[in-house]
Amino acid sequence: MKKEDCIFCKIANGEIPSATLYEDENFRVILDLGPASKGHALILPKEHSANLYELPDETAAKALILAKKIISRMTRALGCDGYNIVQNNGEAAGQTVHHFHMHLIPRYQGDQVGLGWQVGELTDADKNEILEKFQSTED
Ligand code: 5GP
Ligand code: ZN
């Protein structure tokens, strides 16, 4: 399904032009308009899912295989030194466009891309609570 008024549905399906690196029947891979680094790209499924929770398993599997293919080619093309794959779900996690996408972010030695976090501590209380709560949920 496509979603009316979803910008990534329109880009993925070619209704809005984009700098396209790759396209097949399921996906379009485009350059991000606000790149974190040179070569920052987005994998967009052509069918609409708001986030990973909604994404069909088959598409999820294909997306990771495609990510591997694109970052391998881009590494050869750009000579970057590493890659981050980032995928945000929900506003609290930084998602601004609510059509599932994967960020492919090339990394260059010494670059200033900020994807870090402050390292916390896993307390015994948290560990026990999380393990117990997780085990009590259904798959
Ligand atoms: P999010 O924060 O939802 O994970 O990421 C959304 C990403 O989409 C951002 O990195 C933003 O720069 C990019 N973006 C938003 N609108 C457009 C657009 O119209 N074209 C392209 N190429 N990228 C977009
Ligand atoms: Zn969409």
Side-chain angles (χ1 to χ4, degrees):
M1 285 273 290
K2 300 353 171 214
K3 187 166 178 276
E4 264 313 296
D5 79 7
C6 171
I7 186 158
F8 279 4
C9 277
K10 291 191 168 75
I11 292 174
N13 291 284
E15 287 169 46
I16 295 177
S18 60
T20 296
L21 289 170
Y22 173 91
E23 183 185 6
D24 63 24
E25 60 174 335
N26 303 119
F27 298 97
R28 183 183 294 269
V29 183
I30 64 169
L31 291 178
D32 194 298
L33 271 187
S37 67
K38 184 176 177 178
H40 182 168
L42 302 171
I43 294 183
L44 311 180
K46 291 187 174 179
E47 295 294 317
H48 183 85
S49 304
N51 48 44
L52 184 59
Y53 308 114
E54 290 186 4
L55 193 71
D57 285 356
E58 196 187 337
T59 313
K62 286 179 178 163
L64 192 59
I65 292 167
L66 180 57
K68 177 181 171 183
K69 182 160 141 175
I70 300 292
I71 73 167
S72 301
R73 282 183 63 180
M74 284 291 265
T75 298
R76 293 199 299 276
L78 298 176
C80 53
D81 303 305
Y83 249 98
N84 291 115
I85 296 177
V86 176
Q87 200 278 304
N88 300 325
N89 296 284
E91 279 167 26
Q95 187 178 10
T96 58
V97 181
H98 296 277
H99 173 125
F100 171 90
H101 52 279
M102 287 170 81
H103 295 262
L104 308 179
I105 304 176
R107 299 301 303 271
Y108 302 88
Q109 210 70 53
D111 69 27
Q112 298 298 308
V113 176
L115 292 171
W117 55 83
Q118 212 176 337
V119 176
E121 190 197 341
L122 179 61
T123 63
D124 282 343
D126 277 353
K127 182 173 65 184
N128 293 335
E129 178 192 338
I130 295 160
L131 293 177
E132 195 177 310
K133 284 184 171 167
F134 183 77
Q135 298 309 336
S136 71
T137 60
E138 297 291 323
D139 195 6

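Order of listing sets the numbers, starting from 1, for every ligand and every atom in it. For reference, positions follow the sequence shown, starting with 1.
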What do the steps show when you test Lys46 against Asp24 for side-chain contact (heavy atoms from CB on, under 4.5 Å), and what is the final call? CA-CA 9 Å; Lys46 291 187 174 179; Asp24 63 24; 5.6 Å; no
Hey, which protein N/O/S atoms does the Zn ion (ligand 2) have under 2.8 Å? Cys6 SG, Cys9 SG, His48 ND1, His99 ND1
Would you say Arg107's side chain and Asn84's backbone share a donor-acceptor pair under 3.5 angstrom? no
Any donor-acceptor N/O pair, Ser37 side chain to Pro106 backbone, under 3.5 Å: yes
For Val29 and Leu44, what are the C-alpha separation, side-chain angles and deciding distance, and is it a side-chain contact (heavy atoms from CB on, under 4.5 Å)? CA-CA 6 Å; Val29 183; Leu44 311 180; over 6 Å; no
Pocket residues of ligand 1, ordered first by chain and then by residue number (heavy-atom cut-off under 4.0 Å): Ile7, Phe8, Ile11, Ile30, Leu31, Asp32, Leu33, Gly34, Leu42, Asn88, Gly94, Gln95, Thr96, Val97, His101, His103
Could you grab the distance from atom CD1 of Ile43 to atom OH of Tyr22, nearest 0.5 Å is fine? 9.5 Å
Tell me every residue that passes ring pair (Phe, Tyr, Trp, His ring centres under 6.0 Å) with His99, counting only those two or more places apart in sequence or in another chain. His48
Checking Asp124 side chain against Lys127 main chain: does a donor-acceptor pair fall under 3.5 Å? no
For residues 60-89, which residue pairs qualify under salt bridge (charged side-chain N to carboxylate O under 4.0 Å, His left out), counting only residues two or more places apart or in two chains? Glu58-Lys62
Atom CG of Asn26 and atom CG of Leu66: how far apart are they, to the nearest 0.5 Å? 9.5 Å
